[in-house]
2 protein chains.
Amino acid sequence: MATIYEVSKAAGVSLATVSRVMNGNVRVSERTRNKVLKAMTELGYKPNAIAQSLASNCSNSVGLLVSALHGSFFGDMMSTVEDVLRRAGKHVVITAGHSDEEQEKQAIEFLLDRRCDALILHAEAVSDEYLLELAKGDAQIILINRKIDAMSERCFYTDNELGGYLATKAALDAGHKDIAYISGPLFKGDAKERLAGHQRALAEANITFNDALLVEGGYHEAEGAQGLEQLYRAKHKFSALICANDEMASGAMTAARELGIAIPEQLSIIGFDNVLFARYLYPKLTTIDNPIRLMGEAAAHWVLAHVYQQRGVAEPRNLFAPSLVARDSLVSAP
Amino acid sequence: MATIYEVSKAAGVSLATVSRVMNGNVRVSERTRNKVLKAMTELGYKPNAIAQSLASNCSNSVGLLVSALHGSFFGDMMSTVEDVLRRAGKHVVITAGHSDEEQEKQAIEFLLDRRCDALILHAEAVSDEYLLELAKGDAQIILINRKIDAMSERCFYTDNELGGYLATKAALDAGHKDIAYISGPLFKGDAKERLAGHQRALAEANITFNDALLVEGGYHEAEGAQGLEQLYRAKHKFSALICANDEMASGAMTAARELGIAIPEQLSIIGFDNVLFARYLYPKLTTIDNPIRLMGEAAAHWVLAHVYQQRGVAEPRNLFAPSLVARDSLVSAP
DNA sequence: CTGTTAGCGCTTTCAA
DNA sequence: TTGAAAGCGCTAACAG
């Protein structure tokens, strides 16, 4: 691998000049630039990104923390973030936190050790205090799907409460009165908010929230199935079920089928997130669209604008509104 | 951020000694080591990974190329690779190639520029020659889901032909004679191999392969749906459909339902890959298990053993055998 | 077992 | 507009 030194010799100029034409920010005469460029191509020169990072104190890398590397939700998010950032020549180091405090901290430490210029975090388990403390350090911290007031301009999130509200409202509008709810793990903010929206919609319709119709799940398909079975066994009647994400809705559908419950005739189901496979379920899942790709894009754009000082990047919005996607799994109450 | 220099001063030793206790490979007296350790914690010292990389000419990072960051197949793969490598303190830089030659090359260049110690590639579009050339360079190249004879010990792949064979064999064993097939894009090796397996099974059963029952898809759900519609419109009769991956099987199921075809009563469907959501489809998808997690693990272990000289890592196998997962979407022929 | 001393390849003042 | 030179923070001979 040719080094900058060899290029400078070949071009008959100094190291500094080569560096200047590489970075293009300082004026270099046309003639000199061409000599250097020629030498570079002849030698097949590639700048050493590591040396550049050390000297410039900028790693050109951004760390991304997600809960898991598989799953439609995070797939969509990683996909947009990587796309935007790589186009800008930045690289993305991805780690998984598995919704566990210790693992999230370790992953963040890891990214910090690699001297990432910015961290885009989908952190679920660590505390606000920890994140605030982190934000005081060298790396810029951006949060996805979480809002902390003291750093709200670096937070990109969905109005989960509204989403929960819309889901329940849709069921109510279809005439359902007995609505069961399988929530996400309630230690997570989004799970709490979605549930709060559900309760608000019920209250507006003068329906008292029935604790017996609530099951706490963990956002996985299996818990959707278990949740439905539990509700069914408890013999409380309900004609609609709202699941706090599509994965659980899918699990619930499968379980319902096995119990001989016809969907949507006997039971309407509504999901949340509108992940790719939602429309391939049978019946096609009515769900709440969670604009995760837009949030990823917003976070990446923020980094480009504020960390790398790129011009012409539109200032992203922070709050994203979910919306109902009406498909086949919700029908009028019998 | 404290530097090694400050630590050495605080501990009253030389730079080199601090470096030694950090890396732990050279003997340092217990007393000195403790002094250094103490100074480190007091200063909250964190080694600068970038400087380490530059000095040691080892970035401790491995690049991972996948076709897309979303989708169950790649999710599973990234997940295992990241898990194994991060446990070993290596970091994973992930890029997407989108099955496009130009984009794959760019992504690989990008990883090379970052001086990754090894590249684990799920490359679909670039040529064997290109990869062989690449393997001559500084970074070690590992291939997933692809075999090139000249570097077969660095290739980890499924026996796709066998998989295609097993799928078709299962349909045949269930009494089906007219078996349609929606393939992956035939410029991809795995798609070709799966199809070859299909044809071998037919030949063994003395059934002539009928070109009219073959549709070329692109591994996406939408193409599964289109493929089924196309086959249906062509009015060729078939009682079983084999799809070259689960996503297309899912799309085909949805499309069949819309055309009023009962599954599996009127049409049996078999997928390939056994991704997570396959068992949540309705009916539950009979499919071929593709041990993608094991391949990811194997690739990561190979890197640990051969690139980072870790001891005690079992030598991974290169060829992985797929197997039939019988669920509900395949039944006996009418 | 420990210290000295060159670098690793590049950026960035500071002068010229 | 260009060059000289001092680092960035760490590793790795080489001596002692």
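Below, chains carry the letters A, B, ... as their sequence lines are ordered, and counting in each starts from 1. Scope of the values below: all heavy atoms of this structure, side chains included, with no hydrogens, waters or symmetry mates. For clarity, every value in this text was computed on a predicted model and none was experimentally measured.
- Rounded to whole Å, the distance from CD1 on A:Ile4 to C1' on D:dG3 is 13 Å.
- In the set D:dT11, C:dT11, D:dA4, the nucleotide with an atom closest to the side chain of A:Ala55 is C:dT11.
- In the set D:dA13, D:dA4, D:dG9, the nucleotide with an atom closest to the side chain of A:Ser14 is D:dA4.
- Looking at B:His301, its side chain never comes within 3.5 Å of a backbone N or O of B:Ala299 through a donor-acceptor pair.
- Counting only heavy atoms from C-beta on, B:Thr3 has its side chain closest to D:dC10 among C:dT2, D:dC10, D:dG3.
- Side-chain atoms of B:Thr95 and A:Glu82 include no donor-acceptor pair closer than 3.5 Å.
- B:Asn57 comes within contact range of no nucleotide atom at all, as no heavy-atom separation falls under 4.0 Å.
- Atom CG of B:Asp113 and atom P of C:dG9 are 15 Å apart (whole Å).
- One finds a side-chain N or O of A:Ser29 lying less than 4.0 angstrom from the OP1 or OP2 phosphate oxygen of D:dT2.
- Following rounding to the nearest Å, B:Asn48 (CG) and C:dC8 (P) show an atom-to-atom distance of 18 Å.
- For B:Leu54, taking side-chain heavy atoms from C-beta onward, the closest of the listed nucleotides D:dA13, D:dG3, C:dG9 is C:dG9.
- Of the listed residues (A:Ile292, A:Leu121, A:Asn160), just one forms a side chain to side chain contact (heavy atoms under 4.5 Å, CB included) with A:Asn145, and that residue is A:Asn160.
- An OP1 or OP2 oxygen of C:dT11 is reached within less than 4.0 angstrom by a side-chain nitrogen or oxygen of A:Ser19.
- For the residue pair A:Tyr157 and A:Asn318, no side-chain donor N or O sits within less than 3.5 Å of a side-chain acceptor on the partner.
- If you check the side chains of A:Ser99 and A:Glu124, you find a donor sitting under 3.5 Å from an acceptor.
- Computed from coordinates, the B:Arg33 CZ to C:dC1 P distance equals 10 Å when rounded to whole Å.
- Between A:Ile50 and B:Ser59 there is a side-chain heavy-atom pair separated by less than 4.5 Å.
- Comparing atom distances between the A:Arg27 side chain and each of D:dC10, C:dT11, D:dT1 picks out D:dT1 as nearest.
- The side chain of B:Ser56 approaches D:dT11 more closely than any other nucleotide in the set D:dG7, D:dG3, D:dT11.
- Judged by atom type and distance alone, B:Arg20 reaches the base of C:dG3 through a side-chain donor-acceptor pair under 3.5 Å.
- The separation between A:Asn34 atom CG and D:dT2 atom P is 11 Å, rounded to whole Å.
- With A:Arg114 contributing its side chain and A:Val93 its backbone, the two residues share no donor-acceptor pair below 3.5 Å.
- If you measure from atom CG of B:Leu15 to atom P of C:dA6, you get 14 Å, rounded to the nearest angstrom.
- Five base pairs at each end of the helix from C:dC1-D:dG16 to C:dA16-D:dT1 define two local axes, and these are offset by 30° (rounded to 10°).
- Remark: C1' of C:dG9 and CZ of B:Arg115 are 9 Å apart, rounded to the nearest angstrom.
- In terms of phosphate contacts, B:Thr17 brings a side-chain nitrogen or oxygen within less than 4.0 Å of OP1 or OP2 of C:dG3.
- Side-chain polar atoms of A:His122 and A:Glu104 form no donor-acceptor pair below 3.5 angstrom.
- An OP1 or OP2 oxygen of D:dA4 is reached within less than 4.0 angstrom by no side-chain nitrogen or oxygen of A:Tyr5.
- Here the side chains of B:Val18 and B:Tyr5 are not in contact, with every heavy-atom distance at 4.5 Å or above.
- Closest contact between the side chain of B:Ala51 and the listed nucleotides D:dA4, C:dC10, D:dG9 involves D:dG9.
- Across all strands shown, B:Val13 has heavy atoms under 4.0 Å from sugar-phosphate atoms exclusively, and none from any base.
- For A:Asn23 and C:dT11, the shortest distance from a side-chain N or O to OP1 or OP2 is below 4.0 Å.
- Of the candidates C:dT12, D:dC14, D:dT11, D:dT11 carries the atom nearest the B:Met22 side chain, counting heavy atoms from C-beta on.
- A:Asn60 places its CG atom 20 Å from the P atom of D:dC8, with the value rounded to the nearest Å.
- Here the nucleotide nearest the side chain of B:Val28, chosen from D:dA5, D:dT2, C:dT2, is C:dT2.
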